[in-house]
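Structure, as C-alpha cells:
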Amino acid sequence: MDKIIIEGGRRLKGEVKISGAKNAALPILVSSMLTEGQCVYSNVPDLKDVNSIKLLLSTLGTSVNTDGNTVKINAGGLNNHKAPYDLVRKMRASILVLGPLLARLKKARVSLPGGCAIGARPINLHLKGLTDLGASIELKHGYIEARADKLKGAEIYLDFPTVTGTENLMMAAALAEGTSYIKNAACEPEIKAMADVMNKMGADIKGAGTSCIKINGVSSMNPSSVSIIPDRIEAGTFMIAAALTGGDFKIVDCEPDHLGSVIDKLRRVGSKIEISKKCIHITGPDEIISVDIKTRTYPGFPTDMQAQFMVLMSIANGVSTISETIFENRFIHISEIKRMGANITVSGNSAIVKGVPALSGAPVMASDLRASASLVLAGLVANGKTEVNRIYHLDRGYEALEKKFKLLGAKIKRVS
Ligand code: UD1
C-alpha cells in the first residue's frame, strides 16, 4: 500500500494550479443520466472517487470515455436500474444515481450507503424528498427499492440542507411533471454549478445557490459541454499550507468567491492575502495567531477544511476552539496529530487546541479524506520525518497532491 514520506520544516514558495472540484464533478457526471445524448466535461479531476462514479455509470449502461481530464458520457444506453453494494460502499456519493434512475427508468434499486468514519450519514432526507415527488420507496435487504410511474412536482422541505440530497432531488424534479420547490436547500457553490449545467441541458431551475430552489419540470433534456469549477477545498488546503509554513503561494485557477470564510479566518491568523481574478496570493505570517472556528453550511466555514485548520492552530500562539457542527465524529485526526506533539483536548463537539512551538514528525495513519490532507500538512511543518500511511483516502479527493507540494519546494515523496 502506498504511503507518503515528508521531511518537514521547509518554507514553501511558488505557484500551484487548482484542479476541478470533486464535489462538483461527481453530481455533474451523474446528471448526464438525464439525457440520451453525449455530454462532454473538461477539467474533471483524476481521482479515485471520480473513477468510482464512472464505473457505476458504466454499470448502469451508460458509455463513459476518458481522455486526460476530459470525460464523455452518453446515457443513451441506460438500461440497468441496480446500483450494487460493492460500488456504493466505496463511495457514498453513489446515492446520487437514485434520483436520475427514477426520472429515466421509473425504478431504482440502490444499495444503502451505510455510515462512514466521520458519522452515520443517513439518507432519510433524500428518500423523504423523492417520496414527496411521488416515488414509493421500500428498504429491503440493505437496498433502496424505489418506483415512480410518474414523478410529480412538489414542495419539499429539508430538515437539514443536505448537499447531495439537494442534488439528488434537483435531478429527480428536473424531469418531473409540474413545479417543485426545494426549501432549506443546500447553498454550496457545487449546487449552483450543477444547476447551471442542468439549465444548459434544458432544465428550468431557478434559485440554486440560495435556500429555495424552484424547478419547473421539463419533458426531456439535451446533452451539453461544460468545464468543472475549481475545487475550493483543494485551494483552501493549499492556503493553509502557505500559512503553516510561512510560505508564499500564488494559487491559480481557483475561485476566490467560493472561499470567503476561509480567507477571512486566514487573514485573522495573520496571513497576507491578495485576491485577483481566479488567483489568490497568500503569504504566511511570521507568528500564527489562534482563531476560533465553527463549521457551518455554506457560506460558513466548511467542515471539509476543519481538520486542516486544526493543524494550523496546533502551532499557533494561543488557544483556539474548533467546533464541528455538521458531522458527529469528525475529530478522528486528533489522535494522530497529538502523536506529532499537538496539545488538543476534546469536549463534546469542540476541540480546544493549545498552540505548541513545533510539531515533530512521526508515522501516522490517515482515517478519511480530509484527515489525510491534515496529516500531510502536519508533516510539512513538523521537525523531521513524517510517514503518512493509508493514503488511498487522499487519492479519493486530491489530484497529485504530493506532486503539487513538491513543485512548491516540499521534500515529499510517495513510496509503494
Ligand atoms: C457533501 C460533500 C462532503 C461534505 C458535506 C458537508 C459531496 C460529494 N460530499 O456530503 O464533502 O463534507 O457535503 O458539506 O458533495 N443528513 C441527514 N439526512 C440526510 C442527509 C444528510 O441527516 O438525508 C445529515 C448528515 O448526516 C450530516 C449533514 O446532514 O450530518 C450534512 O450531510 P450532507 O450535506 O448530506 O453531506 P453529503 O452530501 O453526504
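No hydrogens, no waters, no symmetry mates; every other heavy atom, side chains included, goes into these values. In listed order, ligands and their atoms are each counted from 1.
- An N or O contact shorter than 3.5 Å is missing between Thr303 and ligand 1 by distance.
- For ligand 1, the polar-atom distance check finds an N/O of Val163 within less than 3.5 Å of one of the ligand's N/O atoms.
- Below 3.5 Å of separation, one finds an N or O of Asn124 facing an N or O of ligand 1.
- Every N/O-N/O distance between Gly165 and ligand 1 stays at or above 3.5 Å.
- Considering only residues two or more places apart in sequence or on other chains, Glu155 meets the side-chain hydrogen bond (donor to acceptor under 3.5 Å, both in side chains) condition with Lys183.
- Looking at heavy atoms from C-beta onward, Val163 lies out of side-chain contact with Glu190 at the 4.5 angstrom threshold.
- Annotation: cation-pi pair Arg296/Phe301 absent, no NZ/CZ under 6.0 Å from the ring centroid and within 45° of its normal.
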Exercise answer: donor-acceptor pairs, residues 19-29 side-chain atoms, under 3.5 Å, sequence neighbours excluded:
{"from": "Ser19", "atom 1": "OG", "to": "Glu399", "atom 2": "OE1", "distance (Å)": "2.6"}
{"from": "Ser19", "atom 1": "OG", "to": "Lys404", "atom 2": "NZ", "distance (Å)": "2.8"}

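- The closest side-chain heavy-atom distance from Ser211 to Cys187 is below 4.5 Å.
- At least one heavy atom of Arg330 sits under 4.0 Å from some atom of ligand 1.
- Residue Leu127 does not touch ligand 1, judged by heavy-atom distances below 4.0 Å.
- Geometrically, ligand 1 and Glu167 share no nitrogen or oxygen pair separated by less than 3.5 Å.
- Aromatic ring pairs are classed by plane angle as parallel below 30°, tilted from 30° to 60° and perpendicular above 60°; the pair Phe405 and Phe238 is tilted.
- With a 4.5 Å cut-off on side-chain heavy atoms, His281 and Phe249 do not count as touching.
- For the pair Pro122 and ligand 1, a heavy-atom separation below 4.0 Å is found.
- Residue contacts with ligand 1: Leu26 is placed with no nitrogen or oxygen under 3.5 Å of a nitrogen or oxygen of the ligand (distance criterion only).
- The shortest N or O to N or O distance between Lys22 and ligand 1 is not below 3.5 Å.
- In terms of modelled atom types and a separation under 3.5 Å, the side chain of Glu324 and the main chain of Ile326 share a donor-acceptor contact.
- Looking at heavy atoms from C-beta onward, Leu34 lies in side-chain contact with Leu175 at the 4.5 angstrom threshold.
- Proximity to Ile326 (heavy-atom distance under 4.0 Å) selects the following atoms of ligand 1: 27 (C), 28 (C), 30 (O), 31 (C).
- Within the 4.5 Å cutoff, side-chain heavy atoms of Leu130 are placed close to those of Leu98.
- Of all the heavy atoms of Asp304, the ones lying under 4.0 Å from any atom of ligand 1 belong exclusively to the side chain.
- Listed by number with element, the atoms of ligand 1 under 4.0 Å from a non-hydrogen atom of His126 are 23 (O).
- Residue-ligand proximity: Arg92 is placed with every non-hydrogen atom at 4.0 Å or more from ligand 1.
- When only interatomic distances are considered, the shortest N/O to N/O separation between Thr164 and ligand 1 falls below 3.5 Å.
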